[in-house]
Amino acid sequence: MQNAFMARAIQLSVENVNSGRGGPFAAVIVQNGKIVAEGVNSVTSSNDPTAHAEVMAIRQACQHLGTFMLKGCEIYTSCEPCPMCLGAIYWAHLGRIYFANVAADASKIGFDDSFIYREFAKSIGERSIPMMQIMRGEALAAFKAWEEKPNKVPY
């Protein structure tokens with residue numbers, strides 16, 4: 001059954017390229033042996049740099065299932081997830097990741113995210129995008145409110 005789910009992700013990735021709507025990436029999310037969501041890369045067609053296939057599939061799965069935690073679900077993606085997508089997968093609490101192409105394959109066709117991993121390894125002051133911390137004291141008010149909120153929904 002795993003091959004059928006990956007085959008669907010691959011099919012969607014090829015169709016996405018052929019349609020001209022986005023890049024060569026697609027993902028499906030499966031729960032209890034059934035596809036509950038599909039996503040394709042639509043960065044250029046939606047002018048949204050976060051519209052990667054995995055993120056789109058996670059958004060659709062969460063809407064469909066009425067939850068922000070996808071425990072018990074698996075994701076099948078046509079390529080090894082980028083750092084943003086991997087973070088989203090962890091935040092969604094997906095149980096397993098299956099991927100086809102590897103990051104090196106994506107890099108060969110112009111989708112190289114290795115610079116992001118290099119940036120993560122640097123100290124804040126060494127990163128290529130300047131980062132300056134300001135107004136921490138004021139911002140801590142929101143954290144205090146969250147900490148004291150009796151009916152918060154943890155995630």
Side-chain angles (χ1 to χ4, degrees), residues 1-124 126-133 139 142-143 146 152-155:
M1 200 64 168
Q2 294 167 339
N3 286 353
F5 299 136
M6 184 58 76
R8 177 63 180 154
I10 293 167
Q11 175 189 10
L12 289 168
S13 68
V14 172
E15 289 173 0
N16 202 48
V17 171
N18 292 337
S19 74
R21 289 189 299 262
F25 306 99
V28 299
I29 295 179
V30 174
Q31 181 185 55
N32 299 324
K34 294 184 180 177
I35 294 175
V36 295
E38 298 179 339
V40 295
N41 177 287
S42 59
V43 169
T44 56
S45 61
S46 66
N47 293 317
D48 179 355
T50 69
H52 288 204
E54 296 90 338
V55 171
M56 302 304 286
I58 289 169
R59 290 174 183 167
Q60 186 182 95
C62 289
Q63 286 292 313
H64 176 74
L65 298 172
T67 183
F68 57 87
M69 286 205 190
L70 299 176
K71 289 182 179 177
C73 295
E74 302 173 332
I75 189 165
Y76 293 78
T77 181
S78 62
C79 187
E80 182 179 356
C82 76
M84 177 183 69
C85 293
L86 189 57
I89 289 166
Y90 275 98
W91 277 113
H93 299 277
L94 284 149
R96 187 167 302 209
I97 304 166
Y98 295 94
F99 62 94
N101 293 319
V102 296
D105 298 325
S107 178
K108 287 178 186 173
I109 61 165
F111 295 94
D112 187 4
D113 54 21
S114 62
F115 76 96
I116 297 172
Y117 288 107
R118 288 193 303 274
E119 286 288 303
F120 287 164
K122 295 177 183 177
S123 69
I124 289 174
E126 296 175 317
R127 293 181 181 161
S128 62
I129 298 176
M131 296 177 65
M132 285 75 59
Q133 182 185 27
F143 283 13
W146 175 260
K152 63 185 165 230
V153 178
Y155 58 95

Residue pair [X] / [Y], side-chain heavy-atom distance below 4.5 Å:
{"X": "Val102", "Y": "Glu80", "value": "yes"}
{"X": "Pro81", "Y": "Ile89", "value": "yes"}
{"X": "Val36", "Y": "Val30", "value": "no"}
{"X": "Tyr155", "Y": "Trp91", "value": "yes"}
{"X": "Met84", "Y": "Val55", "value": "yes"}
{"X": "His52", "Y": "Val43", "value": "yes"}
{"X": "Ile75", "Y": "Arg96", "value": "no"}
{"X": "Pro83", "Y": "Phe120", "value": "yes"}

Smallest separation among heavy atoms of [X] and [Y], with atom names:
{"X": "Ser78", "Y": "Ser13", "value": "OG-CB, 3.8 Å"}
{"X": "Gly22", "Y": "Thr44", "value": "CA-OG1, 4.1 Å"}
{"X": "Val40", "Y": "Met56", "value": "O-CG, 3.6 Å"}
{"X": "Asn16", "Y": "Gly23", "value": "ND2-O, 2.9 Å"}
{"X": "Ala57", "Y": "Ala37", "value": "O-CB, 3.4 Å"}
{"X": "Phe68", "Y": "Val153", "value": "CZ-CG1, 3.6 Å"}

Next on the checklist: Counting only heavy atoms from other residues, nucleotides and ligands, does the tally under 6.0 Å from CG of Asn18 exceed 12?
Outcome noted: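 Check passes, neighbour count above 12.
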### Message
Tell me whether Lys152 at atom NZ has more than 12 heavy atoms from other residues, nucleotides or ligands lying less than 6.0 Å away.
### Response
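Yes.
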Query raised in the report: Are the ring centres of Phe25 and Phe111 closer than 6.0 Å?
Result: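 Yes, the ring of Phe25 comes within the 6.0 Å limit of the ring of Phe111, centre to centre.
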Donor-acceptor contact below 3.5 Å, side chain [X] vs main chain [Y]:
{"X": "Ser46", "Y": "Ser42", "result": "yes"}
{"X": "Ser45", "Y": "Arg21", "result": "yes"}
{"X": "Lys122", "Y": "Arg127", "result": "no"}
{"X": "Asn41", "Y": "Pro24", "result": "no"}

Quick one: [atom1] on [X] to [atom2] on [Y], what's the gap to the nearest 0.5 Å?
{"X": "Ile129", "Y": "Ile124", "atom1": "CD1", "atom2": "CD1", "value": "13.0 Å"}
{"X": "Cys62", "Y": "Leu70", "atom1": "SG", "atom2": "CG", "value": "4.0 Å"}
{"X": "Leu65", "Y": "Lys71", "atom1": "CG", "atom2": "NZ", "value": "14.5 Å"}
{"X": "Ile35", "Y": "Tyr76", "atom1": "CD1", "atom2": "OH", "value": "9.5 Å"}
{"X": "Asp112", "Y": "Ser107", "atom1": "CG", "atom2": "OG", "value": "3.5 Å"}

So, using side chain to side chain donor-acceptor pair (under 3.5 Å) as the criterion, who are the partners of [X] when residues are at least two apart?
{"X": "Asp105", "value": "none"}
{"X": "Tyr98", "value": "Gln2"}
{"X": "Gln11", "value": "Arg8, Glu15"}

(Q) If we count only N and O atoms by modelled type, under 3.5 Å, do the side chains of Arg118 and Ser128 hold a donor and an acceptor together? (A)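 Side chains of Arg118 and Ser128: no pair found under 3.5 Å.
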Before you tell me yes or no, could you show the steps for Glu119 and Tyr117 under side-chain hydrogen bond (donor to acceptor under 3.5 Å, both in side chains), namely the whole-Å CA-CA distance, both residues' side-chain angles and the distance that decides it to 0.1 Å?
CA-CA 5 Å; Glu119 286 288 303; Tyr117 288 107; over 6 Å; no
